[in-house]
Amino acid sequence: MAATKNRSSFKAAIQIEQEEFARRRGALLDALRGSIGLVLAGEADANLHHPFAAHAHFTYLTGLVDEPGAALLFDGKNANPARRVQLFLRPLNPEREKWDGFRPEIGGELRARAGIETIFRTNMLPTQLLDAAKRAKSLTLLMPLAAHNSPVSGDLEIFRRTAERIPNCSINDGTTILNAMRACKSKAEVACIQEAGRITGLGFAAAFANLRPNMNEFELQRHVETGYHQGGSRELAFRTIAGGGFNSTVLHYHANDQVLRDGDLVCLDSGAKWCGYSADVTRTLPVNGKFTGRQREIHDLVLAAQTAAIRACKPGARFHHIDEAARAVIRRAGLADAFIHSIGHHLGLETHDANPDAPLQAGAVITIEPGVYLPDEKIGVRIEDDILITARGPVTLTSDIPRSSKEIETAMARARSISKPKRG
Ligand code: GLY
Ligand code: MN
Ligand code: MN
């Protein structure tokens, strides 16, 4: 098969150096201390309703995004160093690949592209895992545990069957290991999130320039997302929320099909992806370019809450400390019951990224997104930015996107004076 054909579906979508992926796998091997770990890419949606997205643990360790059914085996006690990490890929199926795209044979080119020396087809996994488990007598769960109403996590299911066949083989909980690793971003990962934030700024600039009374919410959404495409981003971090008037108070509003009315606010919560990493930004805009007194009062309050929360973002802080910093500001204004969600989440390969449930460390990237929702007044205000935690203080990666009521009005007025609205 011509492995040079330029139509391979086997690609590393994240532009992070192979050495970094190798370092991550090495760190995981160290953390496993000889116990066996198995990281699964997951399955594709057979109905093509959703594009395949490998589990983020798998992508984090390989950079691979398009090999459904793949698995990564960690066997730290293998005498052969080249076999301590083994990648398993589904067998080639030329008939299926006529539909789904070319996949390369196992060989030097594939090894070089994956940066992994030992690659097998998945039909080899049972015997390789058995050999490894006989040696280690210890299996460590790395994939997230499932709730009782969901299927058992894939590695637990495989490990249970393996442990049944090997005397004195234990199954241990290591499900915090990869969450903790992923929560501390490398320089390259921060650069990807920063670039996603920069491109998100282009989309928001298009919103500032084109928002007009009587436009539909989906038109505003289209302007934002066109800005991302023009900035070079193909993928959204999540479905854009563009909710005007009452809909600005609906946290995960997705219909985006109502007319934006003169005098209302629109809550715009959106983000581009870059090289697999997400940005997640919210701005609340006056549809006609000018906040009313009451809208400005609420907007300024939410900004004060966000400022207090960002100030509390330091290594060692926990989300509930940061949440309380914002909530205290809103409580003092008598609106405690109007802040109905929590302050934020980790951000990375997933928009709601792996949460280690531990104090924040330098290198974490989180969102800070307080909101006040007053449905009776058709006022929902959320302000969301992406924050890098450092020992020298928080760094707002999305600070270039106009944020205060005054900055937003100025940006909208300026953008409107230099661009006629693009409708259609
Ligand atoms: N857009 C979802 C969130 O902000 O978490
Ligand atoms: Mn958001
Ligand atoms: Mn968010």
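These numbers come from the heavy atoms of this one structure, side chains and all, not from hydrogens, waters or symmetry mates.
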Between [Y] and [X], does any NZ, NE, NH1 or NH2 come within less than 4.0 Å of an OD or OE carboxylate oxygen?
{"X": "D353", "Y": "K185", "value": "yes"}
{"X": "E43", "Y": "R90", "value": "yes"}
{"X": "E219", "Y": "R212", "value": "no"}
{"X": "E409", "Y": "K406", "value": "no"}

Spacing of [atom1] belonging to [X] relative to [atom2] belonging to [Y], to within rounding of 0.5 Å:
{"X": "E225", "Y": "L220", "atom1": "CD", "atom2": "CG", "value": "9.5 Å"}
{"X": "T140", "Y": "I36", "atom1": "OG1", "atom2": "CD1", "value": "8.5 Å"}
{"X": "L349", "Y": "I193", "atom1": "CG", "atom2": "CD1", "value": "8.0 Å"}
{"X": "H57", "Y": "E350", "atom1": "NE2", "atom2": "CD", "value": "8.0 Å"}
{"X": "T351", "Y": "D280", "atom1": "OG1", "atom2": "CG", "value": "6.0 Å"}
{"X": "H346", "Y": "I389", "atom1": "NE2", "atom2": "CD1", "value": "8.5 Å"}

[Y] and [X], any side-chain heavy atoms less than 4.5 Å apart:
{"X": "M412", "Y": "F208", "value": "yes"}
{"X": "C267", "Y": "T282", "value": "yes"}
{"X": "D357", "Y": "T176", "value": "no"}
{"X": "D386", "Y": "T200", "value": "no"}
{"X": "H223", "Y": "L268", "value": "no"}
{"X": "L139", "Y": "C169", "value": "yes"}
{"X": "D269", "Y": "Y253", "value": "no"}
{"X": "D75", "Y": "R83", "value": "no"}

side-chain contact (heavy atoms from CB on, under 4.5 Å) between V302 and R382, intermediate numbers included: CA-CA 7 Å; V302 175; R382 181 164 62 257; 5.8 Å; no
Donor-acceptor pair, distance only, cut-off 3.5 Å: does the side chain of [X] make one with the backbone of [Y]?
{"X": "T367", "Y": "G344", "result": "no"}
{"X": "Q128", "Y": "L125", "result": "no"}
{"X": "N123", "Y": "P91", "result": "no"}
{"X": "R403", "Y": "D400", "result": "no"}
{"X": "Q230", "Y": "G227", "result": "no"}
{"X": "T127", "Y": "M124", "result": "yes"}
{"X": "D264", "Y": "G244", "result": "no"}
{"X": "D323", "Y": "F319", "result": "no"}
{"X": "R283", "Y": "E384", "result": "yes"}
{"X": "K137", "Y": "P167", "result": "yes"}

Give the minimum heavy-atom separation between [X] and [Y], together with the two atoms involved.
{"X": "S270", "Y": "T240", "answer": "OG-OG1, 2.8 Å"}
{"X": "P315", "Y": "T390", "answer": "CD-O, 3.4 Å"}
{"X": "I106", "Y": "I119", "answer": "CD1-O, 3.7 Å"}
{"X": "S278", "Y": "A196", "answer": "C-CB, 4.0 Å"}
{"X": "A71", "Y": "L40", "answer": "CB-CD2, 3.7 Å"}
{"X": "F238", "Y": "A279", "answer": "CE2-O, 4.0 Å"}

Start with the C-alpha gap between R239 and H252, add the side-chain angles, then the distance that decides, and say whether side-chain hydrogen bond (donor to acceptor under 3.5 Å, both in side chains) holds. CA-CA 9 Å; R239 285 166 67 187; H252 286 169; over 6 Å; no
More than 12 heavy atoms from other groups under 6.0 Å of CZ on R96: no
Salt bridge (Lys or Arg N to Asp or Glu O under 4.0 Å) pairs, two or more places apart, involving residues 159-180: E157-R161
Can you list every pair that meets side chain to side chain donor-acceptor pair (under 3.5 Å) and has a residue in residues 313-322, with sequence neighbours left out?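 Output for this query is empty, none listed.
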Taking it one step at a time, do F21 and L61 satisfy side-chain contact (heavy atoms from CB on, under 4.5 Å)? CA-CA 6 Å; F21 291 110; L61 292 165; over 6 Å; no
Would you sort out whether F204 and T398 count as a side-chain contact (heavy atoms from CB on, under 4.5 Å), showing the intermediate values? CA-CA 11 Å; F204 276 76; T398 45; over 6 Å; no
For D300 and S405, test the side chains for any donor-to-acceptor distance below 3.5 angstrom and give the result as yes or no. yes
Quick one, E189 with R182, criterion salt bridge (Lys or Arg N to Asp or Glu O under 4.0 Å). Give me CA distance, side-chain angles, the key distance, then yes/no. CA-CA 10 Å; E189 288 180 293; R182 282 177 49 197; over 6 Å; no
Please step through side-chain hydrogen bond (donor to acceptor under 3.5 Å, both in side chains) for the pair S138 and N172, ending with a clear verdict. CA-CA 7 Å; S138 166; N172 315 297; 2.9 Å; yes
Stepwise, does the salt bridge (Lys or Arg N to Asp or Glu O under 4.0 Å) test hold for E109 with R113? CA-CA 6 Å; E109 189 186 325; R113 253 194 289 161; 3.3 Å; yes
Candidate pair E217 and N247, rule side-chain hydrogen bond (donor to acceptor under 3.5 Å, both in side chains), full reasoning: CA-CA 10 Å; E217 291 164 345; N247 297 328; 3.1 Å; yes
Test C275 against E195 for side-chain contact (heavy atoms from CB on, under 4.5 Å), laying out the working first. CA-CA 9 Å; C275 293; E195 180 62 5; over 6 Å; no
In terms of relative ring orientation, are H345 and H352 parallel, tilted or perpendicular, with 30° and 60° separating the classes? tilted
